Every structure is written in structure tokens, then in C-alpha cells.
Amino acid sequence: MKKISTTGISTSGITRRSILKTTAAAALIGAVKTAFPSGAFAAGTGPEVKGVKLGFIALTDSAPLIVAKEKGLFDKHGLPETDVAKQASWGATRDNLVLGGAANGIDGAHILSPLPYLMQTGKVTQNNKPVPMAILARLNLDSQGISVAKEYAETGVQLDASKLKAAFEKKKAEGKEIKAAMTFPGGTHDLWIRYWLAAGGIDPNKDVSTIVVPPPQMVANMKVGNMDVFCVGEPWNEQLVNQGIGFTAATTGELWKGHPEKALGLRADWIEKNPNAAKALLMAVMEAQQWCESMENKAEMAEILGKRQWFNVPTKDVLGRLKGDINYGNGREAKATDLYMKFWKDGASYPFKSHDTWFMTENIRWGNLPGTTDIKALVNQVNREDIWREAAKDLGVAAADIPASPSRGKETFFDGKVFDPENPSAYLDSLSIKAVS
């Protein structure tokens with residue numbers, strides 16, 4: 001839309017027709033401002049396209065995309081034809097991103113934060129062909145879970161994974177394989193369960209077999225004995241407890257309080273072709289994150305997510321942990337904890353580069369990326385916090401909710417380890433169990 005000027009009208013030449021034309025122009029500008037109150041068209045042009053093809057996995061942290069769709073926020077920001085399509089697995093998400101929306105794939109997705117980096121480097125794509133990607137926002141903090149099969153209840157395992165060592169050794173001595181399930185190699189769930197096991201003296205590369213299972217299939221697989229432990233997001237840990245199949249040893253917020261989790265990832269070429277649409281998309285998602293953050297909206301949110309077209313699960317499997325009420329399933333219950341999923345609070349939406357630096361460092365730790373990786377350069381390529389800042393400004397986000405720095409500084413984990421984003425090597429050196437020397 002071209003910016004309409006209402007200046008320079010000669011009063012001597014005013015006619016009824018010119019008044020009508022000027023009134024219509026003013027009405028159009030007013031309509032735009034009403035539909036886009038936060039200034040999506042501040043630059044004078046709207047989105048280049050009417051929609052974007054997005055993917056999601058049935059996990060509670062996909063809520064901002066689903067809520068944006070259900071609440072008409074994509075429409076509000078000029079993207080009424082946005083499609084939010086369920087993906088079968090993270091592997092399917094990757095494959096559809098490689099295809100791109102123009103080839104019947106997707107342009108962006110609710111995604112594991114490390115996955116765009118692994119695609120950017122070609123580490124997880126066919127023929128190792130790099131696919132340029134970008135992270136525009138973090139979708140949430142906290143609220144994943146590490147769950148254990150019921151047969152290990154007597155070990156009393158919680159945050160300290162070492163309580164599983166003897167039981168695992170006994171089972172291995174009987175010729176049985178110990179299986180630790182996660183959702184994608186190098187993804188967040190893989191890194192959480194590896195960190196937890198290693199902190200307890202269990203080498204995830206030697207003492208167990210890590211297997212990949214899509215999130216919605218975790219509970220069914222544990223039910224038939226296909227795994228001993230798993231790490232996944234909600235609502236699957238809560239569903240496991242509700243069905244009496246296993247228990248939660250720890251939530252990931254107990255491993256690292258306020259940790260980053262999923263991201264809004266898009267193909268870099270889509271952003272280059274559609275910069276205004278990318279910002280409009282981000283604004284819609286950010287508004288949805290603000291809505292998701294409100295405790296008053298949790299019950300409605302659980303009902304929305306539980307719908308057949310989204311998760312197809314009972315509302316009770318979603319709601320409890322959304323509010324911070326945790327039934328661990330081993331006799332422990334905690335009400336109104338601060339371990340609930342954050343969507344906006346504490347800078348949850350802002351994609352800190354320091355967090356992506358940790359994700360890359362852990363991928364080096366476990367051999368998914370070479371030790372020679374230029375982490376800083378890679379993070380600067382993929383992390384587009386600059387677009388987030390632009391969107392926040394146009395959305396009218398309070399200055400207090402916009403982080404001053406792309407680094408959140410040093411991070412401390414439950415076992416006392418400290419990650420300094422300015423010195424990843426020192427962190428790696430401090431870890432005794434790792435795949436790199």
C-alpha cells in the first residue's frame with residue numbers, strides 16, 4: 001500500500017468530489033490502523049504475501065502458533081491465509097522445511113532451537129546440503145520433562161540420575177538394552193536427557209542406547225516397554241502419569257531454571273523475499289505469546305490445544321503443568337510451582353544469542369558439530385534477534401520487556417556447572433563426560 005498524503009490540498013480548489021476522496025482515504029488509513037493497531041504498516045507497506053505455511057508438533061510449546069491461528073492474530077496482522085499444519089515428527093518438520101512452502105512443504109515452524117543450526121550447517125539434511133535458516137523468536141522457557149518407566153520407581157530417582165546406575169547395570173548384565181528416548185539427535189530433548197544422565201555419572205554414548213521417538217508416540221512406546229527413560233515436552237509427561245505408566249524424575253526447569261526451549265524458525269530465503277510478512281508473522285506470534293502467558297487464559301488454552309485438529313488429548317493432560325501443578329507420579333505432588341511454561345515472562349520470547357551459543361556448545365560436546373565450529377559466526381548467521389527488536393517496537397512492547405543485550409550472561413545448572421557464553425571452551429573443559437576430548 002502506498003502511503004497516502006493528506007497534505008498540500010488547496011482550500012480554494014476544494015470540491016465535493018475531493019472531500020469524498022479525502023474522506024475515503026482517511027477512512028482507509030483509519031481502517032488500517034484499527035486492524036493493525038501496533039503499526040504493522042508503519043513503513044507504508046504491508047505483508048508481501050497473504051499467508052505463510054507453518055508446521056507444528058503436538059507439544060504445548062507450539063501454543064503461540066495455534067493460538068495465533070485460533071484467535072485471528074494472523075488475520076489481524078495481514079496474513080489471513082496462514083496455515084498451521086501438524087507434523088508427524090521433527091524429521092518430517094526438517095524435510096518439509098527443506099522442500100519449502102512453494103514445493104508443498106512449509107516455510108517455517110515451531111521448532112527445536114538447535115535444529116535450524118543443524119540445517120544451516122547441513123548436519124541433518126540429505127547429502128549434507130546446507131539449508132539457510134533463521135530463528136526469529138523463542139517460543140517458551142521451561143516445562144519439558146524427563147520421565148522414567150514404572151519399574152524404576154523403587155530407585156527413588158529424581159534430579160540425581162546416579163540412582164539409576166545400579167538398576168541399569170543389573171539390566172545390562174541380564175543382556176537387556178537400556179533405551180533412552182528423545183525426539184531428535186542434537187535437539188533440546190536430546191541435550192536435556194544427556195545432561196541429566198551425564199551429571200549422574202551415566203555416559204549417554206556408552207551406558208545407554210539413545211533412540212528417536214516422535215513426541216506423540218512416547219507414552220505408547222513406554223507402555224509396551226520400548227524404553228526405560230525419555231525426555232519430551234508436555235503434555236506427554238503428564239499423560240504418562242495420568243495413565244499410570246511411568247513417572248517424572250524431574251522437569252527440565254529443575255535442571256536449568258528458565259532455560260530456552262522451542263523457537264520460531266523460518267527459511268532464510270522466505271524472510272529475504274518477504275521481510276514485511278516475516279515481521280507481521282512475528283508480531284502475531286508475539287501477541288499470542290502474551291495471551292498464553294496469562295494465568296487467566298490457561299484453561300481455555302488447554303481446551304484449544306486438546307482439540308482433535310491440534311493435539312487430540314484430554315484437557316487434563318495439558319492443564320496441570322501449564323499452571324505449575326506437577327504430579328510427578330511417584331508420590332510427589334507440587335502445586336502452583338514456578339516451573340510452568342513461560343511464553344512471555346522473563347524475556348521468554350526474545351531469542352538470546354547466548355542461549356543458542358549453549359546449544360551449539362552442547363552439540364560440539366556430543367559430536368554433532370566439529371570442535372572447530374565458529375560458534376559466534378554461526379549464531380550471528382541464524383539468530384535474527386534484530387527482527388524481533390523491530391517487531392517489538394512496532395508492537396509497542398514496553399521497554400522493560402525488551403532485553404538490553406543479546407546475552408543473558410552466565411548460566412548455572414543444577415549440578416553447579418556454569419556456562420559463560422563468552423568462554424564456551426572453559427565450560428566444555430569442566431565437563432567430565434563428553435564425546436570430545
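On a predicted model such as this, the values are computed, not experimentally measured, just so you know. Keep in mind that the numbers below use all heavy atoms, side chains included, and drop hydrogens, waters and symmetry copies.
- A search for side-chain hydrogen bond (donor to acceptor under 3.5 Å, both in side chains) contacts involving E81 returns nothing, not counting sequence neighbours.
- Annotation: side chain to side chain contact (heavy atoms under 4.5 Å, CB included) contacts of E303 (sequence neighbours excluded): T315.
- Annotation: the span from L141 atom CG to H259 atom NE2 amounts to 8.0 Å, rounded to 0.5 Å.
- In this structure, CH2 on W344 lies 9.5 Å from CD on E287, to the nearest 0.5 angstrom.
- L118 places none of its side-chain heavy atoms less than 4.5 Å from the side chain of L112.
- When each of K171, K150, K179 is checked for a salt bridge (Lys or Arg N to Asp or Glu O under 4.0 Å) with D228, only K171 meets the rule.
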* Does the pair N237 and T248 meet the rule for a side-chain hydrogen bond (donor to acceptor under 3.5 Å, both in side chains), with working shown? -> CA-CA 7 Å; N237 299 284; T248 297; 4.7 Å; no
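- For Q289 (side chain) and F343 (main-chain N/O), a donor-acceptor pair under 3.5 Å exists by modelled atom type.
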* To do: Step by step, work out the side-chain hydrogen bond (donor to acceptor under 3.5 Å, both in side chains) result for H355 and S113.
  => CA-CA 9 Å; H355 290 162; S113 284; over 6 Å; no
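- Heavy atoms from other residues, nucleotides or ligands lying under 6.0 Å from CD of Q309 number more than 12.
- Classification of the F413-W256 ring pair by plane angle, with boundaries at 30° and 60°, yields tilted.
- With a 4.5 Å cut-off on side-chain heavy atoms, R194 and K434 do not count as touching.
- Legend: side chain to side chain donor-acceptor pair (under 3.5 Å) pairs involving residues 100-111, not counting sequence neighbours, sorted by first then second residue: D61-H110.
- Taking the side chain to side chain contact (heavy atoms under 4.5 Å, CB included) definition, one finds that S143 meets it with E234, M341, sequence neighbours left out.
- Considering only heavy atoms from C-beta on, W196 comes within 4.5 Å of V157 through its side chain.
- Taking 4.5 Å as the limit, every side-chain heavy atom of W90 sits out of range of all side-chain heavy atoms of V212.
- One finds the CD atom of Q381 at 9.5 Å from the OH atom of Y117 (value rounded to the nearest 0.5 Å).
- Looking at K417 and D415, no side-chain N of the basic residue comes within less than 4.0 Å of a carboxylate O on the acidic one, giving no salt bridge.
- Using modelled atom types, no side-chain atom of K123 and backbone atom of L369 make a donor-acceptor pair closer than 3.5 Å.
- At a threshold of 4.0 Å, the pair E70-K307 counts as salt-bridged, since one of the basic side-chain nitrogens sits closer than that to a carboxylate oxygen.
- Taken to the nearest 0.5 Å, the CD atom of Q239 stands 7.5 Å off from the CG atom of N242.
- A donor-acceptor pair is defined here as one N or O able to donate and one able to accept, closer than 3.5 Å; such a pair exists between the side chain of T357 and the backbone of K353.
- Although no hydrogens or angles enter the test, the distance criterion places no donor-acceptor pair under 3.5 Å between the side chain of R94 and the main chain of S89.
- The nearest pair of heavy atoms linking F414 to A199 is CZ-CB, 3.7 Å.
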* Please walk me through it: do L97 and V131 pass side chain to side chain contact (heavy atoms under 4.5 Å, CB included)? -> CA-CA 9 Å; L97 280 168; V131 177; 5.9 Å; no
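- Between R138 and D356 there is a salt bridge, since a side-chain N of the basic residue sits under 4.0 Å from a carboxylate O of the acidic one.
- Residue pairs meeting the side chain to side chain donor-acceptor pair (under 3.5 Å) criterion with at least one member in residues 208-217, sequence neighbours excluded, are E177-S209.
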* Show your working on side chain to side chain contact (heavy atoms under 4.5 Å, CB included) between I106 and L54 and close with a plain yes or no. => CA-CA 6 Å; I106 55 179; L54 302 173; over 6 Å; no
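- From F56, atom CZ reaches atom CZ of F311 across 6.5 Å, with rounding to the nearest 0.5 Å.
- Of the possible polar contacts, one joining the D203 side chain to the N205 backbone as a donor-acceptor pair under 3.5 Å is found.
- Looking at D374, its side chain does come within 3.5 Å of a backbone N or O of A377 through a donor-acceptor pair.
- By the 4.0 Å N-to-carboxylate-O rule, K257 lies close enough to D338 to be salt-bridged with it.
- Closest of all the heavy-atom pairs between S162 and D160 is OG-OD1, 2.6 Å.
- The nearest pair of heavy atoms linking G51 to W270 is O-CZ2, 4.1 Å.
- With a 4.5 Å cut-off on side-chain heavy atoms, F230 and I211 do not count as touching.
- Between P204 and I433, the closest side-chain pair of non-hydrogen atoms falls below 4.5 Å.
- With hydrogens and angles disregarded, a donor-acceptor distance shorter than 3.5 Å links the side chain of E238 to the backbone of R321.
- Ring planes of W358 and W192: parallel class, angle under 30° (limits at 30 and 60°).
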* V285 vs L139, side chain to side chain contact (heavy atoms under 4.5 Å, CB included): CA-CA, chis, key distance, verdict -> CA-CA 9 Å; V285 170; L139 291 180; 3.8 Å; yes
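- The minimum heavy-atom distance between L59 and P235, with the atom names listed, is CA-CD, 4.4 Å.
- Remark: the backbone N or O of A277 is paired with a side-chain donor or acceptor of E48 at under 3.5 angstrom.
- For the pair W388 (side chain) and L282 (backbone), a donor-acceptor distance under 3.5 Å is absent.
- At least one side-chain heavy atom of E261 sits less than 4.5 Å from a side-chain heavy atom of H189.
- Salt bridge absent: D83 and K53 never bring a charged side-chain N and a carboxylate O closer than 4.0 Å.
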* To do: Check the pair N383 / E385 against side chain to side chain contact (heavy atoms under 4.5 Å, CB included), numbers first and verdict last.
  => CA-CA 6 Å; N383 185 300; E385 59 85 34; 3.3 Å; yes
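- With sequence neighbours left out, the salt bridge (charged side-chain N to carboxylate O under 4.0 Å, His left out) criterion links E293 to no other residue.
- Expressed to the nearest 0.5 Å, how far CD of E362 lies from OH of Y427 amounts to 3.5 Å.
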* Start with the C-alpha distance between F247 and Y152, add both sets of side-chain angles, then the distance that settles ring pair (Phe, Tyr, Trp, His ring centres under 6.0 Å), and finish with yes or no. => CA-CA 9 Å; F247 62 95; Y152 297 102; 8.3 Å; no
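- Judged purely by atom type and a 3.5 angstrom limit, S354 uses its side chain to pair as donor or acceptor with the backbone of R408.
- In this structure the side chain of M222 never reaches within 4.5 angstrom of the side chain of Q243, judged on heavy atoms.
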